[in-house]
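Structure record follows, encoded as structure tokens.
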Amino acid sequence: MKSKSILLLIFLCFFLTNKLYAEQNQLVGADADYGEHLFGECVTCHNSTGLGQGIPKITGMKTSHFITKILAYKTKEKENAVMQMVAERLGEEEINSLALYLSKLK
Amino acid sequence: MTKMKRRTFVGLAAATTTALSMPSIAFGALPRVVVIGGGAGGATAAKYIAKDSKGAIDVTLVEASKRYYTCFFSNLYLGDFRAYGSIGHNYYGLAVNHGVNMVHEWALSVNNAAKKVNLGSGESISYDKLVISPGIDLKFESVNGYSAEAQSKMPHAWKSGTQVQLLKNQVKGMKKGGTFVMVPPPNPYRCPPGPYERVSMIAHQFKKSNPTAKIVILDPKNKFSKQGLFMEGWQKHYPGMIEWISAETHGGIKKINAATMEFETDLDTFKADAASVVPAQRAGRIAMNAGVNNGDWCPIVPASMQAQADENIYVLGDASIAKSMPKSGFSANSQAKVAANHIRGSLTGSKVFTPRFANTCWSLVATNDGIKVGANYKATDEKIDKTSGFISKTGEDSNLRKATYEESIGWYSGITSDMFS
Ligand SMILES: Cc1cc2nc3c(=O)[nH]c(=O)nc-3n(C[C@H](O)[C@H](O)[C@H](O)COP(=O)(O)OP(=O)(O)OC[C@H]3O[C@@H](n4cnc5c(N)ncnc54)[C@H](O)[C@@H]3O)c2cc1C
């Protein structure tokens, strides 16, 4: 019994400390190079130096936050004609690649 | 120490193998890309090739001017929404941040066989791949009576610079209750909504300081970009001030006279107190010189932006036939990224991704009244095909219009930093 709970504890610790790892693992098909390439499309409008005037800053965005927002534009829950159009042609691979790349940007 | 040496040795060996596997590149030398034109297409291409290749490609940008004044937002300068200095940019960031070799000269000719660009100074530069993004030249002769001399009395202001400042002076100095005549260009031309945004900004000036002034648009076309939106805005903000006369109605501009400021059409002869005439356009001369044009514009391979006439030359922006994309700064920037990825792939073997193109054009109709039109595109064998798009709606809420204007300010800051920093 005792060894079982220790095992469980070890497993839990492993799981928690690797939450980040787990989060990145969910990014099916993510490729940071592809993400960097796709990011070129974002910075035509979203200032790459992080200036958020008129258009929100996206550098340094949390992975989960980015994905939630993009999906909200994709389903047209969130308004903005440009972003709905951008999100429309981003598939899972593109969204995850962008998320991975963005998470690596300072 | 031995470990270090070993690593260095391995690295060198790998680099040598890559260099050897690339044909036409001299042993040990870096592959060379020359970009002609440091505008929306060329500056973006130079930056992305240099940035993404991380030193593996030698990039030279040949640009005549040391400072680039954007045509985008030059209309906002006419309407007093921007200072002229705020739309000027230098090439410092490209040189310092990305190692682009800046050559401030005119490219005079291209020797396709020898893969050389000849410069005004008599020097020449060799390339493995050449990018041409020279923007437009004006076909003065397309408007009977218009010329390079007449441009100071009826500025086209279609290539930015002092022409825009001259036009603003003439608008501000126009006599009270006078008539301003605008002659937009025929299709295809740089920035389809541009002439109508210009009219909006001039009307905005007149509303403040010359409210009885009139604006007559003598259009060589029968319809124009964002027409419903502009017409609605003019009615709302400048009632009775602007008259748009289509080609069908005036029957064609037969002749203009810059000395008497007269515009002769079948319908009537219009007398102007100030005017702007934007003639028909063609690709910048260097594209013709390189032999990559077919008539006025340059046919390209949609998936890569390579010239159909020469696979070692890429043509970007206004000079290219990138239909269905409009000739805009946004389009040129988007095309530049596709070309940069393709060039890098062919010179260093890096991954070439499926090309993706996009464009959005914002226009300002009046204070806090912004409108926009945009589309996504993909490459097919024949063209750059529109896959989806949107346009602002008439009768939109004023908060949305204000947000659209603010978005355009964000876009300007985004694209210019993307091009130059
Ligand atoms: C009034 C107006 C408003 C506009 N508004 C917008 C807008 O809101 N949004 C938008 O997206 N677009 C807008 N545009 C369009 C936009 O300016 C152009 O589509 C864009 O600049 C095209 O980029 P390009 O690289 O093809 O050419 P350009 O940006 O014109 O760059 C060409 C460069 O090449 C240089 N050059 C040419 N030949 C040579 C040579 N032989 N040697 C050396 N250098 C050379 C020139 O000096 C120039 O700097 C507007 C245009 C106008 C006129």
Side-chain angles (χ1 to χ4, degrees), chain A residues 29-61 66 69-70 72-102 104-106, chain B residues 40 44 47-48 51-52 93 97 329-334 336-338 340-341 344 350-360 362 370-378 387-393 396-397 400 402-419 421:
Chain A
D31 168 356
D33 285 346
Y34 189 31
E36 181 174 11
H37 176 70
L38 292 171
F39 189 63
E41 213 173 308
C42 309
V43 291
T44 302
C45 302
H46 294 271
N47 194 308
S48 56
T49 59
L51 202 81
Q53 186 194 20
I55 291 181
K57 171 177 153 94
I58 53 167
T59 45
M61 222 176 185
F66 169 77
K69 282 225 160 163
I70 283 290
Y73 284 122
K74 207 172 161 68
T75 54
K76 305 211 188 307
E77 266 165 70
K78 220 172 139 45
E79 293 285 340
N80 186 297
V82 182
M83 279 313 299
Q84 287 180 353
M85 185 180 79
V86 168
E88 185 188 293
R89 70 168 168 182
L90 295 174
E92 192 185 21
E93 191 190 342
E94 282 81 24
I95 294 175
N96 289 347
S97 297
L98 271 168
L100 182 63
Y101 176 70
L102 277 172
K104 291 183 170 180
L105 278 184
K106 278 159 267 146
Chain B
T44 309
K47 170 178 160 178
Y48 276 78
K51 173 175 88 64
D52 293 341
N97 302 337
F330 199 124
S331 295
N333 172 273
S334 173
K337 287 165 189 170
V338 168
N341 183 241
R344 199 157 63 88
S350 67
K351 190 158 181 199
V352 178
F353 298 103
T354 309
R356 310 159 64 86
F357 300 92
N359 175 62
T360 296
W362 285 266
I371 53 176
K372 57 185 173 182
V373 59
N376 280 330
Y377 304 84
K378 69 164 201 266
T387 53
S388 63
F390 71 86
I391 182 162
S392 295
K393 296 179 180 59
E396 261 168 2
D397 174 72
L400 176 55
K402 182 165 186 273
T404 301
Y405 168 56
E406 283 162 1
E407 193 174 85
S408 75
I409 297 172
W411 164 77
Y412 185 90
S413 127
I415 192 171
T416 50
S417 116
D418 193 31
M419 287 163 65
S421 63

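All chains are named by letter (A, B, ...) in the order of the sequence lines, taking the proteins before the strands, and each is independently numbered beginning at 1.
Of all heavy-atom pairs between A/K78 and A/Q84, the closest is O-NE2, 2.8 Å.
Interface residue B/Y48: only side-chain heavy atoms are found under 4.5 Å from chain A. Contacts of A/Q53 with chain B are made by both backbone and side-chain atoms, with heavy-atom separations under 4.5 Å. Heavy atoms closer than 4.5 Å to chain B are found in the side chain of A/E36, but not in its backbone. B/S388 touches chain A through backbone and side chain together, each having a heavy atom under 4.5 Å away. Residue B/S334: no heavy atom, backbone or side chain, is found under 4.5 Å from chain A. With a threshold of 4.5 angstrom between heavy atoms, B/K51 approaches chain A through side-chain atoms but not through N, CA, C or O.
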Could you go through B/N333 and B/K337, starting from their C-alpha distance and side-chain angles, then the distance that decides it, and tell me whether this counts as side-chain hydrogen bond (donor to acceptor under 3.5 Å, both in side chains)? CA-CA 7 Å; B/N333 172 273; B/K337 287 165 189 170; 3.0 Å; yes
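Between chain A and the residues B/E407, B/K351, B/E406, B/K372, the most heavy-atom pairs under 4.5 angstrom are made by B/E407. Interface remark: of the candidates A/V82, A/T44, A/N47, A/T44 forms the most heavy-atom pairs closer than 4.5 Å to chain B. With chain A as partner, the option from B/A375, B/A340, B/G329, B/A403 having the largest number of non-hydrogen pairs under 4.5 angstrom is B/A375.
Atom CD of A/E88 has more than 12 neighbouring heavy atoms from other residues, nucleotides or ligands inside a 6.0 Å radius. The number of heavy atoms from other shown groups lying within 6.0 Å of NZ (B/K378) does not exceed 12.
In this structure a side-chain-to-backbone donor-acceptor pair under 3.5 Å is present from B/N376 to A/M85.
The closest side-chain heavy-atom distance from B/R356 to A/R89 is below 4.5 Å.
By the 30° and 60° cut-offs, the orientation of the rings of B/W411 relative to B/F330 is parallel.
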